[in-house]
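Comments concern the structure below.
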Amino acid sequence: MMSSSRNGTSAYLEHAEDQVHAVLKGRAKRVLFVPYAGGITFSFDEYETRVKPSFERFGYALESIHHHKDARAAVEQAEAVVVGGGNTFVLLDRMYNAGIVGLLRERVNAGMPYVGWSAGANVVCPTIRTTNDMPIVEPPTLKSLNLVPFQVNPHFISGKPAGHNGESREERLAEYLAINPDERVVAIPEGVALHVHGEHATVLGEFDALHFRQGGVVDKIPTGSTFALASI
């Protein structure tokens, strides 16, 4: 679960090689790319062209799901799935329309590797309610893959820029937890990823992850550390 496709001023996916290898190395040679979060202001072909060179440089062949007439068959046959960022509401809506939400859940729970960044990380959660995106479409439900028992907030930036009078990300997450006291939220700054393996996850990247709890309490999860999913 990667926060972003870029870290600071780095090139597209430049920071992500070790994070991708942590999931795919020795487990897959070919990956099925799901571009459904994009394809809004640019085409699926363009999105694939943007992502493919990076994965080929990492040592993995990549083909987009939109080239397949049967999306479910493509997922059933995939060695691994990679889900790119964009608009989370559009991504989830298209995943439901393609009939692959339940199938993806089954395949990943059975051991198929999954890599997702930004919107692709949001849909790993029980719901997409902690995305930063606008609901430019209305999916059948906000329930998503439910592969981890907590919510994530990608692209996390602390505080407010000068002159900004809206809520900070901390304030918005505090509101979320006030309304949803039984939920759990982990915020991941850009460049950071959560590598989920079994019942545990490891924080990858140069920054810490943040565990938001009710009452405005925020606990750091140090980079490089491993924690039990049930502990959040």
Side-chain angles (χ1 to χ4, degrees), residues 1-7 10-17 19-21 23-24 27-108 112-125 127-128 131-147 152 154-155 190 193:
M1 303 167 66
M2 296 159 52
S3 176
S4 56
S5 59
R6 291 184 176 87
N7 181 25
S10 65
Y12 192 77
L13 292 174
E14 182 180 8
H15 74 285
E17 183 170 1
Q19 297 176 5
V20 170
H21 285 323
V23 179
L24 298 181
R27 302 179 66 194
K29 294 182 179 179
R30 303 182 62 84
V31 300
L32 180 70
F33 178 55
V34 179
Y36 292 164
I40 303 168
T41 58
F42 54 90
S43 70
F44 289 156
D45 284 338
E46 290 175 293
Y47 202 171
E48 181 184 32
T49 299
R50 182 183 303 176
V51 175
K52 192 171 185 175
S54 294
F55 275 81
E56 288 180 341
R57 179 168 54 84
F58 300 160
Y60 308 101
L62 179 146
E63 183 182 32
S64 177
I65 196 172
H66 77 277
H67 295 303
H68 295 258
K69 292 182 179 180
D70 188 336
R72 285 184 56 84
V75 172
E76 287 171 348
Q77 297 164 14
E79 295 180 28
V81 166
V82 172
V83 182
N87 186 282
T88 311
F89 293 92
V90 173
L91 170 60
L92 188 61
D93 187 54
R94 288 171 171 169
M95 286 170 60
Y96 273 113
N97 289 339
I100 64 171
V101 174
L103 179 59
L104 272 173
R105 183 184 302 118
E106 292 172 9
R107 290 232 50 212
V108 176
M112 181 183 71
Y114 177 105
V115 173
W117 57 86
S118 191
N122 279 126
V123 294
V124 173
C125 303
T127 75
I128 63 168
T131 178
N132 304 308
D133 299 328
M134 288 185 177
I136 61 175
V137 298
E138 185 175 359
T141 175
L142 299 181
K143 294 179 180 178
S144 46
L145 293 175
N146 195 24
L147 295 172
V152 298
H155 299 284
E190 292 193 345

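- Nearest heavy atoms, Gly39 versus Arg94: O-NH2, 3.4 Å.
- Not a single donor-acceptor pair under 3.5 Å links the side chain of Ser3 to the backbone N or O of Ala193.
- When every heavy atom of Arg50 is checked against every heavy atom of Pro53, the shortest pair comes out as O-CD, 3.8 Å.
- Between Arg6 and Tyr12 there is a side-chain heavy-atom pair separated by less than 4.5 Å.
- Note that CD of Glu14 is 12.0 Å distant from OG of Ser5, once rounded to the nearest 0.5 Å.
- For Arg57, the salt bridge (charged side-chain N to carboxylate O under 4.0 Å, His left out) criterion is met by Glu17, not counting sequence neighbours.
- Annotation: salt bridge (charged side-chain N to carboxylate O under 4.0 Å, His left out) contacts of Glu56 (sequence neighbours excluded): none.
- Under the side chain to side chain contact (heavy atoms under 4.5 Å, CB included) criterion, Thr49 pairs with no residue at all, not counting sequence neighbours.
- With sequence neighbours excluded, the residues that form a side chain to side chain contact (heavy atoms under 4.5 Å, CB included) with Arg72 are Asp70, Glu76, Ile100, Leu103.
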Q.
Using the rule given for side chain to side chain contact (heavy atoms under 4.5 Å, CB included), can you reason through Met112 versus Leu104, listing the C-alpha separation, both sets of side-chain angles and the distance that settles it, and then say yes or no?
A. CA-CA 9 Å; Met112 181 183 71; Leu104 272 173; 4.1 Å; yes
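- Interatomic distance, Ile136 CD1 to Thr88 OG1, rounded to the nearest 0.5 Å: 10.0 Å.
- In this structure, the separation between CG on Leu62 and OG on Ser54 is 9.5 Å, given to the nearest 0.5 Å.
- Sorted by first and then second residue, the ring pair (Phe, Tyr, Trp, His ring centres under 6.0 Å) pairs involving residues 59-82 (not counting sequence neighbours) are His21-Tyr60, Phe44-His66.
- Here the side chains of Pro35 and Ile65 are in contact, with some heavy-atom distance below 4.5 Å.
- The shortest distance between side-chain heavy atoms of Tyr36 and Val123 does not fall below 4.5 Å.
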Q. Taking it one step at a time, do Val31 and Leu24 satisfy side chain to side chain contact (heavy atoms under 4.5 Å, CB included)?
A. CA-CA 9 Å; Val31 300; Leu24 298 181; 3.7 Å; yes
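- Between Glu48 and Glu63, some side-chain heavy-atom pair lies under the 4.5 Å cut-off.
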Please report, to 0.1 Å, the donor-acceptor pairs under 3.5 Å made by any side chain of residues 78-87, with sequence neighbours excluded.
residue : atom : partner : partner atom : Å
Glu79   : OE1  : Lys29   : N            : 2.8
Glu79   : OE1  : Arg30   : N            : 3.3
Asn87   : OD1  : Phe89   : N            : 3.0
Asn87   : OD1  : Val90   : N            : 3.0
Asn87   : ND2  : Met134  : O            : 3.0

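- Annotation: side chain of Tyr114 is not in contact with side chain of Val34 (no heavy-atom distance under 4.5 Å).
- How far CD of Glu190 is from CH2 of Trp117: 14.0 Å, rounded to the nearest 0.5 Å.
- Here the side chains of Asn146 and Cys125 are not in contact, with every heavy-atom distance at 4.5 Å or above.
- Shortest non-hydrogen contact noted between Ala119 and Leu91 is O-CD2, 3.5 Å.
- The backbone N or O of His155 sits nowhere less than 3.5 Å from a side-chain atom of Ser4 that would complete a donor-acceptor pair.
- The nearest pair of heavy atoms linking Leu92 to Thr141 is CD2-O, 3.3 Å.
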Q | Residues Asn97, Asp93; criterion side chain to side chain contact (heavy atoms under 4.5 Å, CB included); working and verdict | A | CA-CA 6 Å; Asn97 289 339; Asp93 187 54; 3.5 Å; yes
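- Side-chain atoms of Val124 and Val152, non-hydrogen and from C-beta on, never get closer than 4.5 Å to each other.
- Remark: the backbone N or O of Pro154 is paired with a side-chain donor or acceptor of Asn132 at under 3.5 angstrom.
- Arg105 has its side chain within reach of Leu147: a pair of non-hydrogen atoms, C-beta onward, lies under 4.5 Å apart.
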